[in-house]
Amino acid sequence: MFETLPTLVPDPILGLVAECKRDNNPNKIDLSVGVYKDESNHTPVMAAVREAQIRYLESETSKVYQPPGGTENFIGKVNELIFGESHPALKDNRIATVQATGGCASLHLAAKLIMRANPDAKVWLSDPSWPNHFPLLSSTGINIELYPYYDSESHSVSFDKMVSTLENAGAGDLVLIHASCHNPCGADLTKEQWRILTELAQKNGFVPFIDMAYQGFGLSLDDDAYGIRYMSEHLPEVVVCNSFSKNFGLYRERAGSLSVVVSDAQQTSTVMNQALNVARGIYSMPPAHGAALVETVLSNPDLRDMWHSEVNAMRERIVAMRSALADGIAALGCDRDFSFIKQQFGMFSFLGLTETQVDRLKTDYSVYIIKSSRISVAGINPGNLPYLCRAVSEVVKL
């Protein structure tokens, strides 16, 4: 049987990580992997999570299965975090939320649920988008279309082209939108642009399919959820996939959620029932530990305040590194303008380099970024910043 399987091309990001580890250059810099790192180039356990873990372990008395959709308190706290405590859709019981095994499972679960509701459904993805969006969604058989999103010349959202293309999206279609901190380009929608897209969805009948993996890393925990909250208030249906990998640092714990906003409270239990049935056929029961830590933090005011402070500090460090990188390159007399990096949000940006320049960064300077020139800004720190600025400034001269 298995001798018929072809060998697949290795994941390019994981391949770069492995290559960087083998590099003996003491100045090497890995800006490929999408994880938060502190100033010492370490991805720490957040203090609020560490304390929550202690409290949870002290109170845990059993490892029996938890409810397949997550505990009632977890779901309640997640809904408040995403939608806000007083959101009309919450008050009207129009939101079906289930725990998922990270953002990836949330996306896959959503796609399979959509296929049950409408086998002819089509999902529009931004171009570019997170590379794993396509395999997670298309593996369910769902149809995929692309809409333009990023203008590489202006380093901003190509909003007019985006809207023009999405005029072709109608009833039976879903439009996948990054809630904030767009991966891979870092260019985000403004509040006015969210409102324009909402009007277009009202007119054409498509359903927003919002992926939120970086809440709190853009402007704030509340501001980064603006699009979700606005659309869920003004549209009959919205799909929201959420991950706690980044803002809680729970990468390996696989904690996330899927929320479906429906038009009528009578549909909520049906959608919940169907979502749980889909999950039963994939992973049966979600892991308890990561979700329990999120629940513990969000349920205790002292831990919640500690977590808010930590998320703010993480965001401010990323913002500072964006400014330092752009200003540092400029200070070297580089004739290319990188100030756009300061106008973007979250962990990622495109440097706008050619593949040849990306290869030179790796071979000549041991700076590892993916072929598209996307960098993980969180991998920059005061220790490696001067070397990075010099490397980028040198490769763009040719």
Side-chain angles (χ1 to χ4, degrees), residues 31-32 34 124-131 133 145-169 175-200 208 210-211 213-214 217-219 223-224 226-227 315 318-358 360-361 369-378 380 388-389 391-398:
L31 302 181
S32 63
W124 294 77
L125 287 180
S126 67
D127 181 17
S129 194
W130 180 47
H133 273 145
E145 293 281 354
L146 298 178
Y147 64 85
Y149 184 83
Y150 183 69
D151 182 351
S152 59
E153 294 296 323
S154 65
H155 306 286
S156 61
V157 177
S158 184
F159 191 67
D160 289 343
K161 291 182 179 179
M162 175 183 178
V163 171
S164 177
T165 300
L166 291 180
E167 287 283 1
N168 299 308
V175 176
L176 195 147
I177 313 169
H178 298 230
S180 65
C181 307
H182 189 283
N183 181 2
C185 70
D188 282 356
L189 298 170
T190 66
K191 290 183 178 181
E192 175 62 21
Q193 289 169 340
W194 277 107
R195 292 192 285 268
I196 292 172
L197 286 179
T198 302
E199 292 174 1
L200 184 59
I210 306 176
D211 185 4
Y214 305 96
F217 277 28
L219 292 171
D223 285 328
D224 290 356
Y226 174 83
R315 179 181 65 253
I318 292 173
V319 170
M321 288 300 98
R322 284 184 173 278
S323 293
L325 176 61
D327 293 344
I329 296 173
L332 294 173
C334 182
D335 60 3
R336 184 180 298 189
D337 183 12
F338 286 92
S339 61
F340 64 88
I341 296 174
K342 296 192 285 186
Q343 312 305 318
Q344 297 172 346
F345 300 93
M347 290 172 53
F348 305 108
S349 281
F350 286 128
L351 288 182
L353 306 183
T354 65
E355 288 195 10
T356 299
Q357 291 168 332
V358 170
R360 279 206 63 211
L361 275 179
I369 67 176
I370 62 178
K371 291 288 187 182
S372 65
S373 83
R374 188 213 75 175
I375 63 169
S376 176
V377 181
I380 305 172
L388 175 62
C389 291
V392 173
S393 180
E394 289 296 323
V395 301
V396 299
K397 288 181 180 179
L398 300 180

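Here the straight-line distance linking atom CE of Met347 with atom CG of Asn183 works out to 8.0 Å at 0.5 Å rounding. Of the inter-residue distances, the one linking Thr354 atom OG1 with Arg360 atom CZ reads 10.0 Å to the nearest 0.5 angstrom. Note that CG of Leu200 and CE of Met162 are 9.0 Å apart. Values are rounded to the nearest 0.5 Å. Note that OH of Tyr147 and CD of Glu145 are 13.0 Å apart. Values are rounded to the nearest 0.5 Å. Distance check, rounded to the nearest 0.5 Å: CD1 of Ile329 to CZ of Phe338 gives 5.0 Å. Interatomic distance, OH of Tyr214 versus CD1 of Ile318, reported as 10.0 Å (0.5 Å rounding).
In terms of the salt bridge (charged side-chain N to carboxylate O under 4.0 Å, His left out) criterion, Asp127 has no residue partners (sequence neighbours excluded). With sequence neighbours excluded, the residues forming a side chain to side chain contact (heavy atoms under 4.5 Å, CB included) with Ser152 are Tyr150, listed by chain and number. Shown here are the ring pair (Phe, Tyr, Trp, His ring centres under 6.0 Å) partners of Tyr226, two or more places apart in sequence or in another chain: Tyr230. In this structure Glu355 satisfies the side chain to side chain donor-acceptor pair (under 3.5 Å) test with no other residue, sequence neighbours excluded. Partners of Glu153 according to the salt bridge (charged side-chain N to carboxylate O under 4.0 Å, His left out) rule, which considers only residues two or more places apart in sequence or in another chain, do not exist here. For Ser180, there are no side chain to side chain donor-acceptor pair (under 3.5 Å) partners two or more places apart in sequence or in a different chain. Trp130 meets the ring pair (Phe, Tyr, Trp, His ring centres under 6.0 Å) test with His133; sequence neighbours excluded. Residues meeting the ring pair (Phe, Tyr, Trp, His ring centres under 6.0 Å) test with His155, sequence neighbours left out: Phe340. Scored by the side chain to side chain contact (heavy atoms under 4.5 Å, CB included) test, Ser372 finds Phe350, Ile370, Arg374 as partners (sequence neighbours excluded). Residues satisfying the side chain to side chain contact (heavy atoms under 4.5 Å, CB included) test with Val358, not counting sequence neighbours, are Leu353, Ile369, Ser373.
Using a 4.5 Å cut-off on side-chain heavy atoms (C-beta onward), Glu192 and Ile196 make contact. Within the 4.5 Å cutoff, side-chain heavy atoms of Leu325 are placed close to those of Cys389. Counting heavy atoms from C-beta on, the side chains of Ile375 and Phe348 never come closer than 4.5 Å. Counting only heavy atoms from C-beta outward, the side chains of Leu189 and Tyr149 approach each other to under 4.5 Å.
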What verdict does the side chain to side chain contact (heavy atoms under 4.5 Å, CB included) test give for Leu197 and Leu166, after you've listed the backbone C-alpha separation in whole Å, the side-chain angles of each residue and the deciding distance to 0.1 Å? CA-CA 9 Å; Leu197 286 179; Leu166 291 180; 4.2 Å; yes
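For residues 156-168, the pairs satisfying side chain to side chain donor-acceptor pair (under 3.5 Å) are Ser154-Ser156, Glu167-Lys203, with sequence neighbours left out. Counting only residues at least two apart or in different chains, salt bridge (Lys or Arg N to Asp or Glu O under 4.0 Å) contacts with residues 338-354 comprise Asp327-Lys342.
Closest approach of Val396 and Cys334 over heavy atoms only: CG2-SG, 3.4 Å. In this structure, Ile341 and Arg322 approach most closely via the heavy-atom pair O-NH1, 2.9 Å. Closest heavy-atom contact between Gly186 and Gln344: O-CB, 3.1 Å. Here the shortest heavy-atom pairing between Pro128 and Ser126 reads O-OG, 2.7 Å. Of all non-hydrogen atoms in Ser339 and Ala326, the two that sit nearest each other are CA-CB, 4.1 Å.
With hydrogens and angles disregarded, a donor-acceptor distance shorter than 3.5 Å links the side chain of Asp224 to the backbone of Phe217.
Taking the six-membered ring where tryptophan is involved, the planes of His178 and His182 are essentially parallel, since the angle between them stays under 30° and well short of 60°.
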